[in-house]
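Everything on this sheet refers to the single structure shown next.
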Amino acid sequence: MADMPADSRSLRFTKGHGTENDFVVLADLDARLDLDADLTRRLADRHAGIGGDGVIRVVPTASADEESVRALADRAPWFMDYRNADGSVAEMCGNGTRVFATFLRREGIETADEFQIATRAGLKGIRFEGDLVATNMGRWRLVDEDRARADGFDSLVHVTGHSDPWSALSVDMSNPHTVVALPEGVDLDALDLLHAPVVRPVPPHGTNVELVRILGPAHIAMRVHERGVGETRSCGTGVCAAALATSFWAGDPEPTRDWTVDVPGGRLRVRALPGHEVELAGPAALVADGEVDLSTL
Ligand SMILES: N[C@@H](CCC[C@H](N)C(=O)O)C(=O)O
């Protein structure tokens, strides 16, 4: 169990989600919480804890462990410290940025319609747009651009229940993604994602795997198996990777139109920005506040 503030064995939390990618949000405004892998796993446990695909700690950027994050403090006072449900630390979480920003607004910590937050993948610009929150996710890249341009693909993905592996494309969204366009006749809804898809060659830092069905022009449906979690109902970085890969395959490597991505938990918009950056827009909801007795976890 993590070291906790001496005066408290309980922890206040907020539960939130972005297109049903759900998170336990911890306001650690004094940077007193030692959120280690064990505590993260216990909080995220859906049976014995609060439950979530991940845990988000809201902490002053100046107090981050990583020097590269602390360097952002003068431009973004708050750091989204994101952990997957298995306790692993991830570079970025697209849906998490909207939940994080919505929490900062609700608490009156940030009051503007536009502000920047700090993540392990650098600064991310937030813009409130009606009911949606838009995040400038920053720069993206194809992991093996030469191979992608020559073949369209750079790896193979094997999904349980299907004898043949499918061609896939690796996209770096600051975190790793492997995108598969499903062959004709394969039912997206029927895929077995209880088991992790097997990716070859093995990605050095693991990967999130997106399975995509094309629904129409600039419109796809996607399911995802997330690194450090399992299948989730949405993944913001994955949605961007899927839209960018599909646009690439469609001959529009720098997307000139907005893409709509349907996930089991809702709908998201992906927009290319100048400078090879990409914006993700969608809803965010804070659904509960509570206090957990850490001795019971
Ligand atoms: N759900 C997130 C991504 C969270 C991190 C991912 N599982 C990883 O390990 O890279 C999103 O909305 O982007």
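Order of appearance sets the numbers: ligands from 1, and atoms from 1 within every ligand. Counting begins at 1 with the first residue of the sequence.
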Salt bridge check: are [X] and [Y] linked by an N-O gap of less than 4.0 Å?
X	Y	result
Asp28	Arg32	no
Asp262	Arg267	yes
Glu66	Arg70	no
Glu277	Arg139	no
Asp81	Arg120	yes

Exercise. Determine which pairs satisfy salt bridge (Lys or Arg N to Asp or Glu O under 4.0 Å) with at least one residue from residues 163-173, sequence neighbours left out, and list them in order.
Key: Arg141-Asp172

Quiz item: What residues come within 4.0 Å of ligand 1, counting heavy atoms only?
Solution: Asn21, Tyr82, Asn84, Ala90, Met92, Cys93, Gly94, Asn95, Asn175, Asn208, Glu226, Arg227, Cys235, Gly236, Thr237

